[in-house]
Amino acid sequence: MTRVVGHLDLDYFFAQVEEVHNPSLGGLPVLVCVYSGRTEDSGVVSTANYKAREFGIKSGMSIALAKKRLKGTDARFLQLHHEMYEDTSERIMSLLREETDAIEQTGIDEAFFDITGKSKNDFALAASTASEIKREVLRREKLTCSIGLGPNKVVAKLASDFRKPDGLTVVPPQSVRSFMDPMSVDRLYGVGTKSSALLKEKGITTISDLASADFPLLEGLFGRKIAVYFRDAANGVDDEPVREKSGITQLSRIITLKKDSQDLNVILMQLQPTFENLHGRVTERALVFKSISVIGILPDLSIRTRTKTLDKPTAQLSAIAENAPLLLESLLKECGELRRVGVKVADFDAKAQTSLAEFLR
DNA sequence: CCCTCGATCAC
DNA sequence: CCTCATATCGAGGG
């Protein structure tokens, strides 16, 4: 039974929302930034509009470098307005829910949707539904988005990425192979820099190469599960249904220290508000957690963690505030100076998950 | 089977 | 020069 699956991706989302909110930004390079607070300029670019991209600006780039590249222009560097993006996203997701048989939100700015029933398996009919969704998003929110249609999530995701911004790419089943085969492997969801480099060493550079790669070789490189996923995905095979993920399994918050430090007390001073923030979010969702972790990021940006599993699930702030320092102490003993630190709670109790938080959805 | 930890990915 | 948050896998120890 062949499906019609779509993937909707809101174009340069944060920056585009800022443009809509403030039309005087029109035509200028706009960069939405995450400031770490360490120095004036320290932090990274979260999203850049297409004008900024003409100057080589990319998300993840340091703000300092972006400033250099944009010297002499009238570029705008903005802080995140997360709540505004959340609100906009929520409205668009409910619109998408109305227009489709099922949706699966995978980020603040993207979602899969299933329109198999609605389009009666007809990709031409599905394409007009997708156009209609794009029109409605534009009409209601003044935002452009890119949509891909395919027989499954893997293909739909590649398709939405194929033409941006404001794109619509339709890949019916009979076109899947010719669409995917020539693409570079790293276009595939799940293939990042590490996997891509490993594959390249073995002469696997295109999706077509990956589709016909020796399975034991892949298994040796990536392990069972991922090898199976890579092989199937490269062949355009993916049976994962479009459905909302159940419940969250972890919550974390991480900060950048004012200055690299190995002093437990200095770090704890800065971490205290993080405990409260995290506890607040746990309480909001009526969760109880059974494990607590601290995460340390070293000056060389490598990552170390320490985890403690509790005897009994709890929602107490004191559980965080008492265990985190012990974990952090052990971590510091091993690695010395830290650049960033964070706290994570996880292993939420199933009972609590199905109570208030689930009830509200 | 449980716990811990690092690695990887992608937002 | 280098943010922040989440999910998932696999290895290793017990």
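Here is how names work: the chains are called A, B, and so on, in the same order as the sequence lines, proteins then strands, and each is numbered from 1.
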For a quick test of your reading: what N or O donor-acceptor pairs under 3.5 Å do the side chains of residues 262-273 of chain A make, sequence neighbours left out?
unit_1, atom_1, unit_2, atom_2, d
Asp263(A), OD1, Asn265(A), N, 2.9
Asp263(A), OD1, Val266(A), N, 3.3
Gln270(A), OE1, Lys258(A), N, 3.0

Ignoring hydrogens and angles, write down the donor-acceptor pairs under 3.5 Å from the side chains of residues 29-47 of chain A, residues two or more places apart or on other chains.
unit_1, atom_1, unit_2, atom_2, d
Ser36(A), OG, Ser42(A), O, 3.4
Ser36(A), OG, Ser42(A), OG, 2.9
Arg38(A), NE, Leu257(A), O, 3.0
Arg38(A), NH1, Asp260(A), OD1, 3.2
Arg38(A), NH2, Leu257(A), O, 3.1
Arg38(A), NH2, Asp260(A), OD1, 2.6
Thr39(A), OG1, Ser42(A), N, 3.3
Asp41(A), OD1, Lys67(A), NZ, 3.0
Ser42(A), OG, Arg38(A), N, 3.3
Ser42(A), OG, Thr39(A), N, 2.9
Ser42(A), OG, Thr39(A), O, 3.3

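Around atom CZ of Arg163(A), no more than 12 heavy atoms belonging to other residues, nucleotides or ligands sit under 6.0 Å away.
For the pair Val288(A)/Thr314(A), no side-chain contact is recorded, criterion being any heavy-atom separation below 4.5 Å from C-beta on. Contact of the Asp238(A) side chain with the Asp232(A) side chain is not registered, since no non-hydrogen atoms from C-beta on lie closer than 4.5 Å. The side-chain heavy atoms of Pro313(A) and Phe348(A), taken from C-beta on, include no pair separated by under 4.5 Å. Put simply, the side chain of Arg3(A) does not reach to within 4.5 Å of the side chain of Pro151(A), judged on heavy atoms.
Separation of atoms CG (Asn323(A)) and CD1 (Ile292(A)) is listed at 4.0 Å; rounding is to 0.5 Å. To the nearest 0.5 angstrom, Ser208(A) atom OG is 9.5 Å from Leu210(A) atom CG.
Residues passing the side-chain hydrogen bond (donor to acceptor under 3.5 Å, both in side chains) test with Glu99(A): none are found, sequence neighbours excluded. Remark: Lys51(A) pairs with Glu54(A) by the side-chain hydrogen bond (donor to acceptor under 3.5 Å, both in side chains) rule, at least two apart or across chains.
A heavy atom closer than 4.0 Å to some atom of DNA chain B occurs in Arg304(A), Thr305(A), Arg306(A), Thr307(A), Lys308(A), Thr309(A), these being the qualifying members of residues 302-310 of chain A. Residues of residues 185-219 of chain A having a heavy atom closer than 4.0 Å to DNA chain B, listed by number: Leu188(A), Tyr189(A), Gly190(A), Val191(A), Gly192(A), Thr193(A), Lys194(A), Ser195(A). Within residues 50-70 of chain A, the residues having any heavy atom under 4.0 Å from DNA chain C are, by residue number, Ser62(A). Listed by residue number, the members of residues 311-342 of chain A with any heavy atom below 4.0 angstrom from DNA chain C are Arg339(A), Arg340(A).
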>> Test salt bridge (charged side-chain N to carboxylate O under 4.0 Å, His left out) on Glu104(A) and Arg243(A); report intermediate values, then the result.
In response: CA-CA 5 Å; Glu104(A) 174 181 334; Arg243(A) 68 155 166 241; over 6 Å; no
>> Run the side chain to side chain donor-acceptor pair (under 3.5 Å) test on Asp166(A) and Thr144(A) for me, step by step, so that the C-alpha distance in whole Å, both residues' side-chain angles and the decisive distance to 0.1 Å come before the verdict.
In response: CA-CA 5 Å; Asp166(A) 201 17; Thr144(A) 66; 5.1 Å; no
> Hey, mind stepping through Arg281(A) and Glu284(A) against salt bridge (charged side-chain N to carboxylate O under 4.0 Å, His left out) and telling me if it holds?
Replying inline: CA-CA 5 Å; Arg281(A) 289 197 287 150; Glu284(A) 247 170 56; over 6 Å; no
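Look at the P atom in both dC4(C) and dT8(B): the space between them is 22 Å, to the nearest Å.
No close placement of the Tyr229(A) and Phe222(A) rings is indicated, their centers lying 6.0 Å or farther apart. Here Phe14(A) and Tyr85(A) bring their ring centres to under 6.0 angstrom of each other.
Contact annotation for Thr256(A): backbone-only contact, meaning every heavy-atom pair under 4.0 Å involves sugar-phosphate atoms and none involves a base. Residue-level contact check: Ser42(A) touches the backbone only, with heavy atoms under 4.0 Å from sugar-phosphate atoms and none from bases.
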> Based on Watson-Crick and G-U pairs with both distances under 3.5 Å, what dot-bracket line describes DNA chain C 5' to 3', crossing pairs as [ ] and inter-strand pairs as |?
Replying inline: ......||||||||
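Relative to the ring axis of Phe112(A), Lys153(A) places its NZ or CZ within 45° and under 6.0 Å from the centre.
Hydrophobic cluster membership for Val228(A): Phe215(A) (Ile, Leu, Val, Met, Phe, Trp, Tyr linked by side-chain heavy atoms under 4.5 Å, directly or transitively).
Along DNA chain C, the stretch of nucleotides lying under 4.0 Å from any heavy atom of chain A spans, 5' to 3', dC1(C) to dG10(C). Note that the first and last nucleotides of DNA chain B, 5' to 3', having any atom under 4.0 angstrom from a heavy atom of chain A are dC3(B) to dC11(B).
With respect to Ser330(A), the side chain to side chain donor-acceptor pair (under 3.5 Å) criterion is satisfied by exactly one of Lys308(A), Arg306(A), Arg304(A): Arg306(A).
The nearest heavy atom of DNA chain C to Leu301(A) and to Ile295(A) marks one nucleotide each, and the one closer to the 5' end goes with Leu301(A). In terms of position on DNA chain C, the residue among Arg281(A) and Thr39(A) whose nearest nucleotide sits closer to the 5' end is Thr39(A).
Side chains of Ser146(A) and Asp11(A): a donor-acceptor N/O pair is present below 3.5 angstrom, by distance only.
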